[in-house]
Amino acid sequence: MNFSIKTSTLVIVDIQEKLIKAIPAMEPFMPKVSMMLEAAAVLGLDVIVTEQYPKGLGNTVPELKEFLQDKWPVIEKTSFSCWQEPDFRKELRKSKKKTVILTGIESHVCVLQTALDLLAENYEVVLLADTVASRNDYDREIALKLMREKGVWVMTAESLLFSYLQNAKNPSFKAVSKLIK
């Protein structure tokens, strides 16, 4: 797979105030998601943020909100799969990008269902394993295994960022390198 910013969209799935309280292992999850949002801004990567029933589960956590840019849509949903939300499909199709980078919670519910739906729609799906979480590790591990078996690329945030940069001569190399350290 050729990783390119020109063909990719980063999707932040449901990292919300009430949902995050149920996730016991916050390290390295939250710092890695923050790093991806900062890197997206540096690299000019498209971003879509989703919120599952925000009226009941709250909005995106403040730790991430500070990194969001106005041009990045925040889409409310009630379906577990982001793909089942018409506004999400509209935003993703508008970009004409065929690679979706997934992060978020919960790995075995919304992230999994989104990944499988995207694969069925012929998108290339990349899951950043260090940026997804579930209430328990067993659910997370089984979901990652299933997604990998179905054709999702599973890698880390740092691996993806260096794939985008390709070499140290990239104009964004220094800025992104600072985020990784």
Going by atom types only, do [X] and [Y] share a side-chain donor-acceptor pair under 3.5 Å?
X      : Y      : result
Asp130 : Thr156 : no
Ser95  : Asp46  : no
Gln84  : Ser79  : no
Gln16  : Asn59  : no

Just wondering, do [Y] and [X] contact through their side chains at under 4.5 Å, heavy atoms?
X      : Y      : result
Ile180 : Phe162 : yes
Leu144 : Leu127 : yes
Val11  : Val47  : no
Leu10  : Trp72  : no
Arg140 : Val132 : yes
Tyr123 : Leu92  : yes
Cys110 : Lys77  : yes

Give the minimum heavy-atom separation between [X] and [Y], together with the two atoms involved.
X      : Y      : result
Ser163 : Gln166 : O-CG, 3.1 Å
Asp117 : Ser81  : OD2-OG, 2.6 Å
Val154 : Ala129 : CG1-CB, 3.9 Å
Ala157 : Thr131 : CB-CG2, 4.1 Å
Val125 : Ala115 : CG2-O, 3.9 Å

**Study point:** Trace of the side-chain contact (heavy atoms from CB on, under 4.5 Å) decision for Ile12 with Met36
**Key:** CA-CA 10 Å; Ile12 310 296; Met36 282 305 302; 5.6 Å; no
Practice item. Take Thr9 and Leu45 through the test side-chain contact (heavy atoms from CB on, under 4.5 Å) and record every step on the way to the result. Key: CA-CA 6 Å; Thr9 300; Leu45 184 63; over 6 Å; no
Check your understanding: Is the number of heavy atoms from other residues, nucleotides or ligands within 6.0 Å of CZ (Arg89) greater than 12?
Key -> yes
Review point. Is the number of heavy atoms from other residues, nucleotides or ligands under 6.0 Å of Phe88 CZ greater than 12?
Key: yes
Between [X] and [Y], is there a shared hydrophobic cluster once you connect ILVMFWY residues whose side-chain heavy atoms come closer than 4.5 Å?
X      : Y      : value
Trp153 : Ile5   : yes
Leu119 : Val111 : yes
Val13  : Leu160 : no
Leu57  : Phe80  : no
Met147 : Trp83  : yes

Spacing of [atom1] belonging to [X] relative to [atom2] belonging to [Y], to within rounding of 0.5 Å:
X      : Y      : atom1 : atom2 : answer
Ile15  : Lys65  : CD1   : NZ    : 13.0 Å
Asn136 : Glu141 : CG    : CD    : 10.0 Å
Asp137 : Ser107 : CG    : OG    : 9.0 Å
Leu118 : Lys98  : CG    : NZ    : 9.0 Å
Ile105 : Met30  : CD1   : CE    : 8.5 Å
Ile48  : Lys97  : CD1   : NZ    : 10.0 Å

Practice item. Might you work through the side-chain contact (heavy atoms from CB on, under 4.5 Å) test for Val126 and Met155, ending with a clear yes or no? Key: CA-CA 7 Å; Val126 178; Met155 59 194 313; 3.7 Å; yes
Point to revise | Under 3.5 Å donor-acceptor, Ser134 side chain and Asp139 backbone | key: no
Check your understanding: Counting N and O atoms only, with roles assigned by atom type, does the side chain of Asp87 sit under 3.5 Å from a partner on the main chain of Ile75, one being a donor and the other an acceptor?
Key -> no
Practice item. Pick out which of Val49, Val33, Ile20 makes a side chain to side chain contact (heavy atoms under 4.5 Å, CB included) with Leu64. Key: Val33
**Study point:** Whether Tyr164 and Phe3 hold their rings parallel, tilted or perpendicular, with breakpoints at 30° and 60°
**Key:** perpendicular
Point to revise | Salt-bridge criterion met for Glu106 and Arg135 (N-O under 4.0 Å) | key: yes
Review point. Between Glu51 and Val74, does a side-chain contact (heavy atoms from CB on, under 4.5 Å) hold up when you go through it step by step?
Key: CA-CA 7 Å; Glu51 295 179 341; Val74 177; 3.5 Å; yes
